[in-house]
Amino acid sequence: MGFHHRICGLLLWLLPLLVLAREPMDEIGTLVFQYPAEAKSQIALLEEEFRRTPATELNSLRLKLLKCELLLQQGDNEAAINLAQMGEATAKRQGVEYARPYFIACLADAYSRYNNVQVALPQLDTAVTLAKRYQQPQALIQALRLRGKLDTEAQNYTSAIEDLRVALDAYEGIQNQQQNWIWPPKPLIYGAMGQLMLATGDLDQASHYNQLGLEHVDSKGKVRLELLLNAAEIAIAAGKEGDGADYLAQARQLLPELSSPLELALGYSRTAAIELTRGRPDIAEDLLNIALNTFTQQQNQRYAMRAQGLLAQVEFAKNNPPEALRLMSQAIATAQQLQLYPEQAKYQLQLARFHESEGQFDKAFHSLDKSLQATIQAHRLMNQTRIQQLNTRLGQRSITAEVELNPLSSFPGQSNLSWVYSLMLVMISLLLALVLWQMMRQFSSRSRPAENNVPQSPIQWLEQAMQHAKRGGHSLSVLLLGVKTLDIQEIKTLTAAMKLRLRETDSLYLLNDNEILILLPYTSNQGADLVVQQLSPALAPWQDSKILLGQASMHQFDTSETLLKRATTRGMTRSALTTNPH
């Protein structure tokens with residue numbers, strides 16, 4: 001008994017070493033979103049330490065990723081693009097394939113800040129696919145958050161709400177990865193969901209999600225500033241002027257915490273836009289002039305253009321048309337030069353409204369026509385991007401269907417251990433010798449890729465998904481459709497229609513001749529309800545047929561048999577579903 005006590009004591013002594021070895025980068029991974037300047041100092045200290053004592057390849061790679069996010073937070077997008085490309089190439093060369101989606105997401109974020117969604121969206125699709133393939137929920141959440149924000153801006157709300165919902169469902173499992181990388185604080189995802197609800201006009205839900213973000217423990221620094229500005233916009237849109245002013249006052253108190261001139265200028269610009277909405281052009285003008293001066297010094301044409309557009313609105317509000325038209329002309333010229341069609345459309349529409357108010361109908365029509373042409377160009381580019389995305393997803397779907405549900409241990413990259421952990425294993429093996437030989441062999445067998453354990457049947461896929469969800473602490477739901485009244489051709493048509501409406505993370509199997517099984521990883525019971533609503537149009541042609549639809553979410557004690565049984569007992573006809581979705 002004393003021997004076992006000594007071994008346990010040794011493990012307790014070594015475990016803190018492992019925790020301490022990984023803690024600094026985890027801390028930086030949060031600070032880089034909240035306090036970029038403090039994160040920059042800690043990254044510099046780590047770089048100096050790595051120069052004195054060479055780090056492992058994984059730690060060096062992770063430090064590059066943290067630095068990539070830091071560059072984004074400080075507005076150095078070009079440097080972030082270069083570092084992200086180098087990081088992905090390094091990950092490929094070192095065989096650390098599961099690190100690639102993190103660098104691809106960083107690359108996509110940098111392009112999105114240049115308004116280049118034609119590059120950013122396909123890159124995010126690739127990041128999502130790789131994150132699922134290598135079971136990296138931290139990368140999945142980062143990519144889904146960014147894609148959800150871009151879809152919100154493009155008014156593609158259905159796709160945005162699916163991405164952000166999956167990101168929130170998957171968030172609880174991010175700490176269970178064997179190798180940590182980087183993940184956004186949860187308040188940022190709440191904030192993105194709040195902005196989506198604001199864009200759709202659902203102000204109550206927008207306020208609800210944004211308040212969840214403000215109340216979260218990670219709502220600090222730059223993250224909290226963004227949420228407070230969101231809250232001010234939501235309150236003003238809801239007609240709660242007093243609440244909006246209070247949130248705005250809290251936000252302005254946090255502005256000094258922004259360390260870099262660019263971050264501060266962006267904070268001033270957004271605050272000015274809200275002040276302008278509140279009918280306070282004088283305050284907005286002061287903030288915008290400071291911001292424009294910074295943007296001009298840093299030769300940032302995009303941000304300078306947006307500041308000029310807001311200043312033009314200030315001058316219109318002050319009844320100074322000559323200066324307003326001058327600023328608007330400069331903003332339009334920059335938008336044309338950079339081929340920013342949405343901005344062109346917005347500015348030309350503002351000009352059209354001004355000319356119409358002045359009775360200058362010819363000029364108003366001319367500006368309106370230019371706004372229409374810019375809108376057509378913006379939609380054309382977005383449609384091309386969507387078609388490219390669709391083709392990419394269709395091509396990737398067949399490739400990833402066989403691997404997306406494999407457990408974490410199925411991928412060789414995940415078995416790379418830190419040097420501290422390797423040292424611990426060596427010491428244990430020396431102390432226990434032959435006594436623990438059988439235990440070490442079992443550990444080794446668990447660490448080897450399960451290449452020969454590929455599921456062959458839908459039940460095996462379900463069990464595989466349940467094992468992964470239980471091990472990672474993820475949610476998992478299933479849908480079970482009884483289709484015994486349909487013939488073979490109708491079942492094929494139905495499954496094809498449903499596949500088009502399912503998310504990339506979902507998968508569909510023909511369980512037997514009478515039942516269709518749909519697996520919904522990272523999905524709670526409430527999330528499954530949304531998926532059922534999403535599938536409703538696909539089921540509509542068979543509304544008169546007796547199609548039973550069952551739904552269940554996995555519990556820790558569930559087996560595949562009990563989970564399917566609960567889904568079966570909850571089955572209901574399609575007509576019942578339309579009247580009572582729960």
Side-chain angles (χ1 to χ4, degrees), residues 28-29 31-34 36-37 39-40 43 61-92 99-131 136 138-154 163 167 181-185 188-189 192 222-223 226 258-263 265-267 269-270 294-295 298-306 338-340 342-343 381-382 385 388-389 392:
I28 293 172
L31 281 177
V32 75
F33 293 97
Q34 299 171 335
K40 182 179 181 180
I43 287 175
L61 199 58
R62 188 182 182 192
L63 188 60
K64 282 188 175 69
L65 179 62
L66 295 173
K67 196 169 183 179
C68 188
E69 185 61 43
L70 173 65
L71 293 170
L72 289 175
Q73 294 296 326
Q74 295 185 324
D76 197 347
N77 301 324
E78 196 62 39
I81 289 174
N82 294 333
L83 187 57
Q85 291 173 335
M86 290 173 54
E88 188 197 359
T90 302
K92 269 186 180 180
R100 290 179 57 207
Y102 298 95
F103 288 101
I104 294 174
C106 184
L107 182 67
D109 195 0
Y111 277 116
S112 72
R113 292 168 190 248
Y114 280 140
N115 281 43
N116 192 346
V117 295
Q118 289 74 33
V119 173
L121 280 174
Q123 291 281 1
L124 287 173
D125 288 344
T126 301
V128 168
T129 300
L130 291 177
Q136 295 290 306
Q138 294 173 3
L140 181 65
I141 289 167
Q142 177 77 315
L144 290 176
R145 178 182 74 94
L146 295 173
R147 197 168 70 178
K149 288 179 63 178
L150 290 181
D151 280 330
T152 299
E153 294 170 4
D163 282 347
W181 290 93
I182 192 172
W183 59 93
L188 287 180
I189 305 178
K222 192 174 178 181
V223 174
E226 180 177 334
L258 300 178
S259 55
S260 72
L262 180 61
E263 289 176 283
L266 289 172
S269 291
R270 191 169 177 202
T294 299
F295 297 146
Q298 297 195 359
Q299 299 181 342
N300 195 312
Q301 291 180 289
R302 289 169 181 79
Y303 294 142
M305 171 199 70
R306 290 164 186 163
L338 300 177
Q339 295 184 337
L340 300 176
E343 280 80 0
L381 287 177
M382 185 55 67
T385 303
Q388 181 181 353
Q389 278 187 288
T392 301

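Keep in mind the model is a prediction, meaning the values are calculated, not measured.
Val119 is listed as a side-chain neighbour of Asn116, based on a closest heavy-atom distance under 4.5 Å. At a threshold of 4.5 Å between non-hydrogen side-chain atoms, the residues Gln142 and Glu69 count as touching. Considering only heavy atoms from C-beta on, Leu262 comes within 4.5 Å of Tyr303 through its side chain. Residues Cys106 and Leu72 meet the side-chain proximity criterion, which asks for heavy atoms closer than 4.5 Å.
Between Leu83 and Lys64, the closest heavy-atom pair is CD2-O, 3.4 Å. Nearest heavy-atom pair across Gly87 and Leu61 is O-CD1, 3.8 Å. When every heavy atom of Cys68 is checked against every heavy atom of Ala84, the shortest pair comes out as SG-CB, 3.8 Å.
The backbone N or O of Trp181 lies less than 3.5 Å from a partner atom in the side chain of Gln138, making a donor-acceptor pair. In this structure a side-chain-to-backbone donor-acceptor pair under 3.5 Å is present from Lys222 to Gln73.
Judged by distance alone, the side chains of Glu263 and Ser260 do bring a donor and an acceptor atom under 3.5 Å apart. Using modelled atom types, one finds a donor on one side chain and an acceptor on the other under 3.5 Å when comparing Glu343 with Asn115. Using modelled atom types, one finds a donor on one side chain and an acceptor on the other under 3.5 Å when comparing Tyr114 with Glu78.
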What verdict does the side-chain hydrogen bond (donor to acceptor under 3.5 Å, both in side chains) test give for Gln118 and Tyr111, after you've listed the backbone C-alpha separation in whole Å, the side-chain angles of each residue and the deciding distance to 0.1 Å? CA-CA 9 Å; Gln118 289 74 33; Tyr111 277 116; over 6 Å; no

Begin from the C-alpha positions of Asp163 and Arg145 and carry the test salt bridge (Lys or Arg N to Asp or Glu O under 4.0 Å) through to its verdict. CA-CA 7 Å; Asp163 282 347; Arg145 178 182 74 94; over 6 Å; no

